[in-house]
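The next block holds one structure in the form of structure tokens; read it before the comments.
Since we're looking at a predicted model, the values are computed, not measured. Just so we're on the same page: letters track the sequence lines, and every chain starts at 1.
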2 protein chains.
Amino acid sequence: MSDHIAPDAGPASLASLLNPRSVAVIGASERSVWSRSVVQNLGGAGFPGSLHLVNRRGETCHGLPSVRSVAELDLVPDLAVVLTGSSALEGVLEETRAKGIRHLLVFAAGLGEAGAEGVALQERLVASARANGQLILGPNNLGFVNAHERVVAFGQPIPLPLLPGGVGIVSQSGALGIYVLKYMVSRGIGASMCVTVGNEAMISGTDVLEHLVEDPGTRVVALYLEQVGDPERFLRIARRATELGKPIVLYKAGRTEVSARVAAAHTGSLVGDDRVVSAVCAQYGVIRVDTIEDLVTTAGLLDSYGGVPGPRTGFVMASGAMCAVLADRAEQAGLELPVPSPETVAGIRAANLPAHAAIDNPLDVTGHVMDDPQILPAAIAQFLDDPRYDSVVVLGDVPAAESDLPRVEWLSRSILRLRTEHTTPLVPMRFLPADTTPFGRQWQEETGHPHVPDSFERGLAALGRSAWWARRRAELLGCEDPQPVPVALPGAGELSEVEAAALLRAHGVPYVPSEVAGSAEEAARIADRLGFPVAMKVVSPDIAHKTEVGGVLLGIGDEARAKEAYTEIVESVGKALPDARVQGVVVSPMRSGGTELVVGVVRDPQWGPVLAVGFGGVLVEMLRDTAVRLLPVGADDIRGMLAELRGYELLTGFRGRPAVDLDALVDVIAAVARIGSEVDEVEVNPLVVDADRIEALDVLLTLRAPTG
Amino acid sequence: MSDHIAPDAGPASLASLLNPRSVAVIGASERSVWSRSVVQNLGGAGFPGSLHLVNRRGETCHGLPSVRSVAELDLVPDLAVVLTGSSALEGVLEETRAKGIRHLLVFAAGLGEAGAEGVALQERLVASARANGQLILGPNNLGFVNAHERVVAFGQPIPLPLLPGGVGIVSQSGALGIYVLKYMVSRGIGASMCVTVGNEAMISGTDVLEHLVEDPGTRVVALYLEQVGDPERFLRIARRATELGKPIVLYKAGRTEVSARVAAAHTGSLVGDDRVVSAVCAQYGVIRVDTIEDLVTTAGLLDSYGGVPGPRTGFVMASGAMCAVLADRAEQAGLELPVPSPETVAGIRAANLPAHAAIDNPLDVTGHVMDDPQILPAAIAQFLDDPRYDSVVVLGDVPAAESDLPRVEWLSRSILRLRTEHTTPLVPMRFLPADTTPFGRQWQEETGHPHVPDSFERGLAALGRSAWWARRRAELLGCEDPQPVPVALPGAGELSEVEAAALLRAHGVPYVPSEVAGSAEEAARIADRLGFPVAMKVVSPDIAHKTEVGGVLLGIGDEARAKEAYTEIVESVGKALPDARVQGVVVSPMRSGGTELVVGVVRDPQWGPVLAVGFGGVLVEMLRDTAVRLLPVGADDIRGMLAELRGYELLTGFRGRPAVDLDALVDVIAAVARIGSEVDEVEVNPLVVDADRIEALDVLLTLRAPTG
């Protein structure tokens, strides 16, 4: 579905398409909602270029004259907005080609999204456009907005006037684009562009993302995606955005559907498609959000305040309840609330806070502020001077109407003054959601009042993400990208445990000694040599979960029992799975104690090899305490994975237990990752660790089918 | 801090206080913001009673005449709003008593919240009021609103006109009360009352809660609490609300502070104060929310739609993106999305949906709706007729202005018609947050359009809570309250493991055989009798975590090793804790296999004995997969606790493992709960379960200090 921009259209074409100085509407009609919307949107936004209508009958539409055909247009428009239905598109394409029009916006549905016939028609259109150096946005989309250039080529009514700003929007849904724009205006957040990509026949969401990352008018990119078309290119663009310091905020729909689909396979249940998307975002510094509201609030905060230097946040309020509510939210948002320094405490006390008021963070200046309003800005200034804070948050507001001015103005003047006198970011936030009215927007513009994020809940979450992004960006800029380390592996298909163990040992993964017995007597001999007690497990390429079929016996203490165990295992497996090929029974010395980890690599159909690390044991696997990263990973990534496990303390010494050698563990996991990047799937389960031991006790390994 | 209503004031007094027909403002002054707010609020709301001002100089205030003293008032007002500062309060109280005024609203700060002097003054005021049959709301509060009676006795400006409705609000914060009222109006949600309780000197939040639960004008109670003053009474009111079918929605501030405070103790870290509040809510059918926005949205939805019959929800939309977004939210909200029945599919197909559109739930009627708008109501009707759905959600809107009417009206008319023709609840929801304007409120009133919850995110969460509440209420009405079963226990202080084990066995908890050895030789003899291998553990009243001090040795295989183990344990403990009293070493047969549970009862300082059940093992405890309930509990409660553990499947048979006898397990947990309700603390850890065994392997038990 998602081709890139046609190479012959040249890299400048998307930029030109989005910034036309003349627009022709093909299929304009007085009765069409689409036609009226395009004309009214362009006019209402103050489109500075020229607008031309093509109507088969040459009728006046929406008060404007028209010509009867594309050929009759008295200029070659920079952009043709095509309103005709799908059946007429091939003719329109031919007419525009003949006229020399290069850029088309096509609204028609019934193409790539509508069955085989539609797909075939769309393919013909793309082939023709490509051959003739034409570029199509759409079809089946609703258009785009270029707010700075006042181009609103949109097929449904858009809230006007536009609020230009630094947020560039890419949406795989047209309807969503409209809702997001409207919501942004109501929150006082300005857009640079909003591009809906429809069927992505020639221009994909990724193309627009790349354009916006390079666009000087865009400071933040907000993405609504239902799927990522080209993962590799997405990652390349994410890297570029990191270099440029331009945050990408992503809402990716389909969490639940995806999680259901992937719940089937075993290691799959540890990873899950959607968790890979989250892992990719965390690795590449892309901010992932869970709601459209968070998409908009986060992008808006980043547009106005950038990445705040860190999570240590000071709060100055005039209500105890607000302090309580925001403390609940701030910690969940990943913010830290250090107490003020002694100097700050003394400074606030000197500013005349009542003696019974505690000086803490959040700071409640109490109802005393009604008698002495200056206590509030004085306390804010003290917090801004305190090096313990990376940013300071206060209760903000924007007047909805003239009558709100007395209430709002005195504090807003203080905020403006404090912002010029201090370098620490000062963020005024609304307590609860409220629309910013046209009056409020005008007031903000006239006074230069900074953006007021909408509500503690969303604003604090956005502030936390902003701090995360700034730190992650610094990390990514400060270290080299991990490089894949090729590992040469033989053959294809699933390896027996013994073969897989040999492979692991050869590549630096310590593996418990093990040998395969082909008979009860041999089992007893091997067990005697390795030392009792031993564990015995069936060797079969057809059995993934050996325990469930009676293929595993543990704690075998002597030779007689070893012989019996061999027979029991073979019989039990034979009964449970009569068709499974049994290649013997592997004998290993029993290990006890230690902490069990699971380390595996699976191949995500979209993103490629994914490393998962978690604690082992059936119960822990059910609780899903697993960290996930896209390969390749560096040692720092692996260290980060371990640290994000909720059971991490078990590795670093918990209740007097000795700590694990983390460097050695990271090396072993890196070795599994290197092997994993070259195979279909590998799962070391368990990898047992304690103070002086790191040892794999079992492995599943499937080599990749040879390609080419 | 939180006394109940003074008994001598009589149960009718709070109701009278909140519904005065005459109000005197004592301390009225042209220059006071408080004074102006009270007068303007009462006037603006259209207070139908009489308003009287007392100003020491008899000046005209806010355009109204005044008298110089309370004595000069020409009637005995039903309510005195007292604006004077704390130092004048004793005098005012005397004047109002002399006049015969029974009800006072006191705003002054500097009392119970402001140090010892303030506390003493507040106590004197309360004692005097109580002695004279007077009742005070406050002090240190901002007042109350009685919307149906148009009484706005509030010390700061309140958004007017009022929007009367069925949501009663209790707030321990005055400022929050204002913000919530304003936010409710902006979401089109009406209030019955809003009472802020300040220092709760005579009227607590619990008193107001009880009043609102009985108030016929209130259909839902929304609570903002920073602490629950009287847990027992709170539970009694919750039971009464369940009987009456009146939902209580609670926002309780201070989650993070509390969780930090309780992270210290061991079993404490399994429970945590705040988790007890959540458990109490879940048990008693109180809806707990995490944000003020959710408090308002949930109360508003319940006010308009009541408890929806169940979680099975149908969705009909005209946008694929909206379907994707809402599917993500709906599952998180606890809603279920069954596919439509074959009849529904056929009915929608017959209503002319394009052939390429999939008929699913959520249903996307596609852009086809622009050509044939009737497809939308037709599809909604089909969903409403489908018995697979407990409710149906559609995209709703309220016009912000006249210009929105063409867009909004056609669907709203269909919604109104469909609601009369079908019994399944039909809930129109906004996609994203937006203020309801005065125009929109008037339109809703005139057309009778039902409430439109604000945004999919909050609205779906509210719908999920509504369905949960309805089901929980049915459960609570359908079963008898669990009754405490007294267990007679001797003595006080911490029991040795051996004593505790005996106590458990006597009350129906199977406990592994164990005997205490006083010497190495005795240990060997006992071990031999019980059968090798054995576990050996130090017996000491001073050691909670025996493993950490080397007080536990496992897998002891013969008599010689048993003797050594005895000595090792005693020496190791002696080195680690030289002052610990060692009473011997307990010897038990080793058990292997099985699943470990932890079952404990701790005494929450506020709520009393709390049962916690979770899976065992250090790692699992770190992951905090624990269920919590207030005692007493019934067998159904315990079954519910097990079912809510994420590892529940391990008990019911997972990957071919045999299932545990759940009835027997519930009996054993009930026995621990019975013991727990009579002791300070008990923790059975581990309780090992498998197909044919339930056996406690260790226990900590502290008897309660004798009272009286």
Side-chain angles (χ1 to χ4, degrees), chain A residues 33 109 113-115 118 171-173 175-176 179 182-183 186 224 226 253-257 290-293 318-322 324-325 327-329 331-332 354-356 366-367 370 431-435 455 457 545 547-548 595 615 617-620 622-623 625 646-647 649-650 654-656, chain B residues 33 109 113-115 118 171-173 175-176 179 182-183 186 224 226 253-257 290-293 318-322 324-325 327-329 331-332 354-356 366-367 370 431-435 455 457 545 547-548 595 615 617-620 622-623 625 646-647 649-650 654-656:
Chain A
V33 180
E113 84 288 2
S171 176
Q172 282 180 336
S173 153
L176 199 116
Y179 276 91
K182 194 169 166 183
Y183 183 58
S186 81
Y224 170 84
E226 286 164 9
R255 265 191 194 270
T256 51
E257 184 196 9
D290 277 336
T291 69
I292 300 297
E293 290 90 325
S319 150
M322 278 186 201
V325 170
D328 280 346
R329 307 308 309 172
E331 200 180 311
Q332 287 182 32
H356 69 264
T366 76
M370 291 181 75
F431 177 35
L432 292 170
D435 288 0
S455 81
E457 185 191 1
H545 300 296
T547 309
E548 292 173 27
T595 300
F615 285 95
V618 173
L619 181 53
V620 179
M622 288 177 78
L623 302 187
D625 186 22
R646 280 178 294 167
E649 260 187 285
L650 279 187
F654 178 70
R655 288 196 195 152
Chain B
V33 180
E113 84 289 1
S171 176
Q172 281 179 337
S173 154
L176 198 116
Y179 275 91
K182 193 170 166 183
Y183 182 59
S186 81
Y224 170 84
E226 285 164 9
R255 265 192 194 270
T256 50
E257 184 197 10
D290 277 335
T291 68
I292 300 297
E293 290 90 325
S319 150
M322 278 185 201
V325 170
D328 280 345
R329 308 307 311 171
E331 201 181 311
Q332 287 182 31
H356 68 264
T366 76
M370 292 182 74
F431 176 34
L432 292 170
D435 288 1
S455 81
E457 185 191 1
H545 300 296
T547 309
E548 293 173 26
T595 299
F615 284 95
V618 173
L619 181 54
V620 179
M622 288 177 78
L623 302 188
D625 187 21
R646 280 178 295 166
E649 261 186 283
L650 278 186
F654 177 70
R655 288 196 195 152

Does any backbone or side-chain atom of A/A109 lie under 4.5 Å from a heavy atom of chain B? Answer side chain, backbone, both or neither. neither
With a 4.5 angstrom heavy-atom cut-off, is it the side chain or the backbone of A/Q172 that approaches chain B, or both, or neither? neither
For the interface with chain B, which of A/S173, A/G118, A/A321, A/G647 has the highest count of heavy-atom pairs at distances below 4.5 Å? A/A321
Looking at chain B, which one of A/I292, A/V325, A/L176, A/V33 has the largest number of heavy-atom pairs inside 4.5 Å, strictly under? A/V325
Which one, A/G320, A/S455, A/P433, A/A318, leads in non-hydrogen pairs under 4.5 Å with chain B? A/P433
Just give me the residue among B/A114, B/A175, B/G115 that pairs up with chain A most often, heavy atom to heavy atom, under 4.5 Å. B/A114
Does any heavy atom of chain A fall under 4.5 Å from the side chain of B/D625, the backbone, both, or neither of them? side chain
Does a side-chain heavy-atom distance below 4.5 Å link B/D290 with A/E457? no
Let me know if A/Y179 has heavy atoms under 4.5 Å from chain B in its side chain, its backbone, both or neither. both
